[in-house]
Amino acid sequence: MTLRLYDTATGEVRDFVPLEEGKAGIYVCGLTVQSEPHVGHVRSAVNFDVLRRWLAATGHDVTFIRNITDIDDKILTKSAEQNRPWYNLAYDMKRELDKAYDALHVLPPTYEPAATGHVPEMVELIELLIERGHAYPAADDSGDVYFDVRSWPAYGELTHQGIDDMEAAEDADPRGKRDPRDFALWKGWKQATEPRTASWRAPWGRGRPGWHIECSAMAGKYLGQAFDIHGGGVDLRFPHHENEQAQSKAAGGAFASYWLHNAWITTSGEKMSKSLGNSLLVPEVLKKVRGIELRYYMVAAHYRSHVEFSFEALADAATAFGRIERFLEKAGGSAEGAPFPEAFAAAMDDDLGTPAAVAAIHDAVRQGNCQVAAGDASGAAATANQVRAMLSVLGLDPADPHWTQDSGTGSADLKGVVDVLIAGLIDQRQAARASKDFAAADAIRDQIAAAGVEIEDTPQGARWTVTGKD
RNA sequence: GGUGGGUUGGCCGAGAGGCGAGGCAACGGACUGCAAAUCCGUCUACACGGGUUCAAAUCCCGUACCCACCUCCA
């Protein structure tokens, strides 16, 4: 069984054949750090995190690059409004983003290049494009440099569009451009309105890079002129990815073999976006559910499906995930070395079919619960190992230290203390039940429940878990 | 105007010609002192109108509605 991926460039599911066997190079467009991340942003990160984990789990040595765009128009505008340096705003937002990724257990990339750290590479790439006749300095004295779309016949191939069918931007300022669709590789420094710190020296005068050239330069630097997978949100297909590909190919590289695009999380039917102001910020959502539950909610839908966000559906997902957690608490098991059930591997290989993969997990949980009920402890533990192996691929193993450490230092000590206290109450309740004083037994159960601890009666006696909910 | 995606049960959400995804909720049963948890069962849906086929949620034609992109965007 080989991994098959839906390549948006060709519009079909294709076998994944890496350029170099056993390795995978992935470039994912990260964020422009101009405001706090919302759940849509982390969905994208989670989707590609799952891709990366599955590739690693199936024996690939993965190089995963996710960039940070830390200079652009919006960052400059916002920082001016807030009366602080642009790099301070970008850095603050970058830290917020890291927190959100961490809360969802999105693994850190192999490397996370920032645009401002790669201006020389971008300048070099632009020079090459000018040499090759695919770019030109603006005819006016703006200091801009544009990509010449008419010089690149394949322009539009990624998104299957003809240049002449594209609407030119209504607000496009044609000054200096040969074609209104030409896009900026370099933006000349506007001395009147922009800080000098946001400009760099270049053969065409001071300025800063355009958005698209950043990714071409950074992908080329860290993954080479040809690499395996390029990912991002669907809205980046055009213009961003189209332009990236045009630049990199015009410069002589093969660029990405596969293009993967994840769909939206919408709210009230519309795309969540900074400009629409309908964003659900990650910390807000995490007040209602744990990070692992939010991640489960995202993974339970296919990455190419639109998800209409609702707190109701999120609560359902949290309940469903609770089933899995309860089973693992009962059955134990370790995370090491369990093989993936065939249904799970087949689902993941089929264009990362996480919904079917989650269904395979639930099937295993049901089987494991039956083993627990039948008193088959070793069978249940073996099933639990499988469940944990599957969950790990999705970044959802509740026993992963990443998820267990966040209850604070000393929680292990605390658990020992609570265990003694609860055990005393459970003994009292058992005594009451033995003497058929059920009113007293139920009173104890209610008392414990009020503290957020749930009692489960089993043939081996009562066991307790902290639900944290009432 | 061009390009891409969608419409599935009470809800979320898979599937892509036959073999009832999965979860949540609800109801019934087993278990339990009663519950909870767990297990078993019930609820047979695919926007609309045609067509192809032994067989269509799936393919074809048409219609309606929704969303995204066309140079800020995960």
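Atoms considered below: every heavy atom in the structure, side chains included; atoms not considered: hydrogens, waters and symmetry mates. Here the structure is a predicted model, which is why all the values come from computation and not from measurement. Each chain gets a letter, A, B and so on, in the order the sequences are listed, and its residues count up from 1.
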Going by side-chain hydrogen bond (donor to acceptor under 3.5 Å, both in side chains), name the pairs with one or both residues in residues 312-327 of chain A, residues two or more places apart or in two chains.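 Residue pairs passing side-chain hydrogen bond (donor to acceptor under 3.5 Å, both in side chains), neighbours aside: A:Arg290-A:Glu325.
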I need the [atom1]-[atom2] distance between [X] and [N], as an integer number of Å.
X        : N     : atom1 : atom2 : result
A:Tyr155 : B:C69 : OH    : C1'   : 12 Å
A:His302 : B:G5  : NE2   : P     : 13 Å
A:Ile444 : B:A35 : CD1   : C1'   : 15 Å
A:Asp351 : B:A16 : CG    : P     : 11 Å
A:Asp457 : B:G33 : CG    : P     : 9 Å
A:Glu242 : B:G2  : CD    : P     : 18 Å
A:His241 : B:C70 : NE2   : P     : 13 Å
A:Arg463 : B:A36 : CZ    : C1'   : 12 Å

So if I take every side-chain heavy atom of [X] and compare against [options], which nucleotide ends up nearest?
X        : options             : result
A:Asp72  : B:U71, B:G33, B:C72 : B:C72
A:His306 : B:C67, B:C70, B:A74 : B:C67
A:Ala301 : B:A14, B:G5, B:C70  : B:A14
A:Lys330 : B:U38, B:A74, B:U71 : B:U38
A:His160 : B:G33, B:G4, B:A35  : B:G4
A:Leu31  : B:A74, B:A37, B:G2  : B:A74
A:Glu456 : B:U71, B:A36, B:C34 : B:A36
A:Arg429 : B:A14, B:G33, B:C12 : B:G33
A:Cys370 : B:C39, B:G2, B:U71  : B:C39

Could you tell me if [Y] and [X] have a donor-acceptor pair between their side chains, going purely by distance under 3.5 Å?
X        : Y        : answer
A:Thr159 : A:Gln161 : yes
A:His241 : A:Gln245 : no
A:Asp70  : A:Tyr91  : no
A:Glu308 : A:Thr266 : yes

Under 3.5 Å, sequence neighbours excluded: what are the donor-acceptor pairs made by side chains of residues 368-381 of chain A?
unit_1: A:Asn369; atom_1: ND2; unit_2: A:Val365; atom_2: O; d: 3.4
unit_1: A:Gln371; atom_1: OE1; unit_2: A:Thr383; atom_2: OG1; d: 2.5
unit_1: A:Asp376; atom_1: OD1; unit_2: A:Gly379; atom_2: N; d: 2.8

Please measure how far the [atom1] atom in [N] lies from the corresponding atom in [M], and state the result in whole Å.
N     : M     : atom1 : value
B:A37 : B:G28 : P     : 15 Å
B:G50 : B:A64 : C1'   : 15 Å
B:G9  : B:C46 : C1'   : 9 Å
B:A16 : B:A56 : C1'   : 11 Å
B:C24 : B:U38 : P     : 8 Å
B:C61 : B:G4  : P     : 14 Å
B:U42 : B:C65 : P     : 40 Å
B:C40 : B:A25 : P     : 16 Å

Residues in ring pair (Phe, Tyr, Trp, His ring centres under 6.0 Å) contact with [X], at least two apart in sequence or another chain:
X        : result
A:Tyr303 : none
A:Tyr296 : A:Phe321
A:Trp186 : A:Trp204
A:Tyr87  : none

Applying side chain to side chain contact (heavy atoms under 4.5 Å, CB included), can you list everything that pairs with A:Asp73, at least two apart in sequence or on another chain?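 Once residues adjacent in sequence are excluded, the partners of A:Asp73 under the side chain to side chain contact (heavy atoms under 4.5 Å, CB included) criterion are A:Lys187, A:Arg208.
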Consecutive-pair stems (at least three Watson-Crick or G-U pairs, under 3.5 Å) that include RNA chain B: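 Expected stems, ordered by start: B:1-7 with B:64-70, B:10-12 with B:22-24, B:26-30 with B:38-42, B:47-51 with B:59-63.
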Quick check on contacts: within residues 93-101 of chain A, what sits under 4.0 Å from RNA chain B by heavy-atom distance?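 Heavy-atom contacts with RNA chain B come from no residue of residues 93-101 of chain A; none.
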Any chance you could measure A:Phe309, atom CZ, to A:Leu294, atom CG, to the nearest 0.5 Å?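 One gets 6.5 Å once the value is rounded to the nearest 0.5 Å.
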Do any N or O atoms of the protein come closer than 3.5 Å to N or O atoms of nucleotides 20-24 of chain B, and which pairs are they?
unit_1: B:G23; atom_1: OP1; unit_2: A:Arg366; atom_2: NH2; d: 2.5
unit_1: B:C24; atom_1: O2'; unit_2: A:Asp316; atom_2: OD1; d: 2.6
unit_1: B:C24; atom_1: O2'; unit_2: A:Asp316; atom_2: OD2; d: 3.4

Looking for any heavy atom pair under 4.0 Å, which part of the strands does [X] touch: base, sugar-phosphate only, or nothing?
X        : result
A:Gly30  : sugar-phosphate
A:Ser310 : nothing
A:Gly40  : base

Closest-nucleotide ordering on RNA chain B, the 5'-leading residue of A:Val307 and A:Asn243: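 Counting from the 5' end, the first nearest nucleotide belongs to A:Val307.
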So which one's nearest nucleotide on RNA chain B is more toward 5', A:Ile455 or A:Tyr303?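 Nearest nucleotide further toward 5': that of A:Tyr303.
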Any A:Tyr6 side-chain N or O less than 4.0 Å from OP1/OP2 of B:A16: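 For B:A16, neither OP1 nor OP2 has a side-chain N or O of A:Tyr6 closer than 4.0 Å.
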Looking at A:Asn369, I'd like to know whether one of its side-chain N or O atoms comes within less than 4.0 Å of OP1 or OP2 on B:C39.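 Yes, such a contact exists.
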With sequence neighbours left out, write down each residue that passes salt bridge (Lys or Arg N to Asp or Glu O under 4.0 Å) with A:Asp363, or none if nothing qualifies.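 With neighbours one apart ignored, the set is A:Arg366.
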Which atom pairs, one a donor and one an acceptor, fall under 3.5 Å between side chains of residues 442-453 of chain A and the rest of the protein, sequence neighbours left out?
unit_1: A:Asp442; atom_1: OD1; unit_2: A:Arg445; atom_2: NH2; d: 3.4

A:Asp102 and A:Lys99: salt bridge (Lys or Arg N to Asp or Glu O under 4.0 Å), yes or no, with the steps? CA-CA 5 Å; A:Asp102 191 57; A:Lys99 271 192 235 170; over 6 Å; no
Do the side chain of A:Arg237 and the base of B:A68 come within less than 3.5 angstrom through a donor-acceptor pair of N or O atoms?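 Looking at the base of B:A68, it does not pair with any donor or acceptor on the side chain of A:Arg237 (distance under 3.5 Å).
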